[in-house]
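Here's the structure we're looking at; comments come further down.
As the structure lists them, so they are numbered: ligands from 1, and atoms in each ligand from 1.
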Amino acid sequence: SITLKYGAQYIGKRQDAEMKKFRANRLGQFIHWGLYSIPGGEWNGTTYLGAAEWLANFAKIPNATWDSLQYQFNPNKFNAVQWAKMAKASGFKYVTITTKHHEGFCLWPSEFTEFDIENTPYKKDLLKEFVDAYTEAGIDVYFYYSILDWHHKDWRYDIKNQADSLAFSKYFEFAKNQLLELQQKYPEVKGFWFDGTWDASWKKNGKYSYDIQKALKEVNPNVIVNSRLRADDFGSRHFDSNGNLMGDYQSGYERYLPAKNDTLITKIDWEACMTIPVNQWGYHKDWSLSHVKSANEILELIVKTVSLGGNFLLNYGPKGDGTFRNEELEISNSIGNWMSKYADKVIYYGDYANLKPQDWGYYVKNTNSGKFYGVVFNLPLSKLLKIELPNGKKLKVVNFETEKLEYHHHDKMGYFISLPENTPNEPFIFEILME
Ligand SMILES: Cc1ccc([C@@H]2N[C@@H](C)[C@@H](O)[C@H]2O)cc1
């Protein structure tokens with residue numbers, strides 16, 4: 001391996017209580033909320049198809065025009081306790097909220113900028129209301145923070161000369177001050193989800209990303225930081241030039257998942273983040289413009305992620321007034337119903353079972369109970385669920401609800417479990433006992 005000054009700060013999976021809690025949580029709510037939530041993807045009568053939180057970029061809106069949205073931000077229908085109640089009922093164990101997205105607008109009263117909630121008609125510390133309500137509901141809080149900042153005068157996309165270097169060092173100080181301010185004002189925060197770290201300026205400054213992780217850990221030794229923050233001495237991101245994961249979990253899976261048979265990913269902590277439409281993080285007025293995932297599609301993505309030992313962050317884009325759109329309310333309700341029946345067995349403490357993947361669905365090992373489960377999404381017309389066990393393992397019992405399922409063995413092909421007479425018309429689970 002090569003000597004790095006700004007590579008991985010440790011090797012292997014963390015086993016402290018905070019990281020174990022993050023891992024056991026498995027299911028989180030992502031919230032994208034900012035000035036972009038006001039126009040909702042439409043500007044001067046034109047609707048833009050791209051992601052609504054990027055509208056300023058797509059519509060080529062000058063900063064001065066875009067930033068004046070600050071004087072319209074007044075979410076008078078925002079009710080943090082209601083948001084937290086809905087999140088809890090949906091089965092979310094943690095939440096990650098955009099404290100500052102690429103637009104640079106801050107949802108908290110920051111000492112380091114005027115472009116924040118204090119200078120809006122809303123005035124109040126919105127982030128504190130949010131943190132208090134979710135913490136009260138028993139949901140762990142994480143902060144999304146964009147390094148890329150379209151508003152800040154010292155932001156640079158690349159470092160071409162000494163002037164760029166000086167300006168960007170000032171931007172780094174600003175970002176570091178804001179992050180330490182967030183930790184100090186909201187000490188309940190469990191970790192930080194960094195984004196906007198793909199530009200040359202950041203990749204050329206591995207020291208900056210290394211220092212931010214170090215500074216946050218000095219304040220809270222078990223703070224959890226995603227790999228997306230980090231670039232090493234040579235600009236390598238997520239994994240350093242020796243192939244070691246930087247940060248505390250891999251956060252490269254955005255709107256897509258690893259393959260079902262990817263065993264490499266099962267060896268590290270990782271989290272996928274996912275939109276309900278194809279590609280809208282902030283509120284967009286018109287979701288008819290793309291496919292919108294159904295509850296069952298989302299449940300399958302969640303279970304597939306857990307079956308590969310990962311966390312899943314499902315995104316919501318509240319409107320400028322602080323309310324959620326109907327599609328999100330309906331998804332929340334459907335997912336919450338399913339989670340109330342099955343999450344304790346196959347989501348929370350769920351992990352990779354190390355069993356040969358099958359077409360009917362996914363295996364999950366519950367690291368709390370030690371039990372193994374199958375989660376069925378694709379009912380086989382054969383009415384048989386195939387299970388192949390590693391050499392030396394034999395199938396003992398298959399429990400489905402209160403009954404034991406029949407099965408027969410084929411010495412080469414493994415086991416064939418007969419489906420129960422009346423299978424639920426929703427994704428369902430069965431427990432596998434082996435010897
Ligand atoms: C090309 C691209 C840039 C930024 C993003 C941001 N990452 C997501 C988590 C959202 O915040 C999106 O705006 C997505 C794609």
#### Entry: Stepwise salt bridge (charged side-chain N to carboxylate O under 4.0 Å, His left out) check, Asp321 with Lys77
CA-CA 5 Å; Asp321 68 0; Lys77 293 183 184 156; 3.7 Å; yes
Counting only nitrogen or oxygen atoms and a 3.5 angstrom limit, does [X] reach ligand 1?
X: Trp198; value: no
X: Trp193; value: no
X: Trp281; value: no

### Message
Could you measure the distance from the CG atom of Leu148 to the OH atom of Tyr171? Nearest 0.5 Å is fine.
### Response
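Answer for the CG-OH pair, Leu148 versus Tyr171, is 7.5 Å.
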#### Entry: Rounded distance [0.5 Å steps], CG in Asn25 versus CG in Leu27
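Those atoms lie 9.0 Å apart.
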### Task
Before giving the answer on ring pair (Phe, Tyr, Trp, His ring centres under 6.0 Å), spell out for Tyr373 and Phe430 the whole-Å C-alpha distance, their side-chain angles and the decisive distance to 0.1 Å.
CA-CA 6 Å; Tyr373 295 93; Phe430 57 92; 8.8 Å; no
### Message
Please determine whether salt bridge (charged side-chain N to carboxylate O under 4.0 Å, His left out) holds for the pair Asp195 and Arg228, giving the CA-CA distance in whole Å, both sets of side-chain angles, and the decisive distance to 0.1 Å.
### Response
CA-CA 6 Å; Asp195 200 8; Arg228 200 180 289 212; 3.0 Å; yes
### Task
Determine if the distance from atom 1 (C) of ligand 1 to the closest protein heavy atom is below 4.0 Å.
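Given the 4.0 Å cut-off, atom 1 (C) of ligand 1 does not count as touching protein heavy atoms.
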### Query
Is there a salt bridge (charged side-chain N to carboxylate O under 4.0 Å, His left out) between Lys21 and Asp16 once you walk through the steps?
CA-CA 9 Å; Lys21 177 69 165 58; Asp16 55 277; over 6 Å; no
### Query
Hey, which atoms in ligand 1 end up nearer than 4.0 Å to a heavy atom of Tyr144?
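Counting from 1, the qualifying ligand atoms are 11 (O).
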### Query
What residue and atom, counting heavy atoms only, is the protein's closest point to atom 12 (C) of ligand 1, and at what distance?
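Checking every protein heavy atom, the shortest distance to atom 12 (C) of ligand 1 gives Glu53 OE2, 3.4 Å.
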### Query
Considering only the protein, which heavy-atom contact is closest to atom 14 (C) of ligand 1, and what is its distance?
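Result for atom 14 (C) of ligand 1: Glu254 OE2, 3.0 Å.
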### Query
Considering only heavy atoms, which of Leu313, Thr98, Asp195 lies nearest to atom 9 (C) of ligand 1?
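The nearest heavy atom belongs to Asp195.
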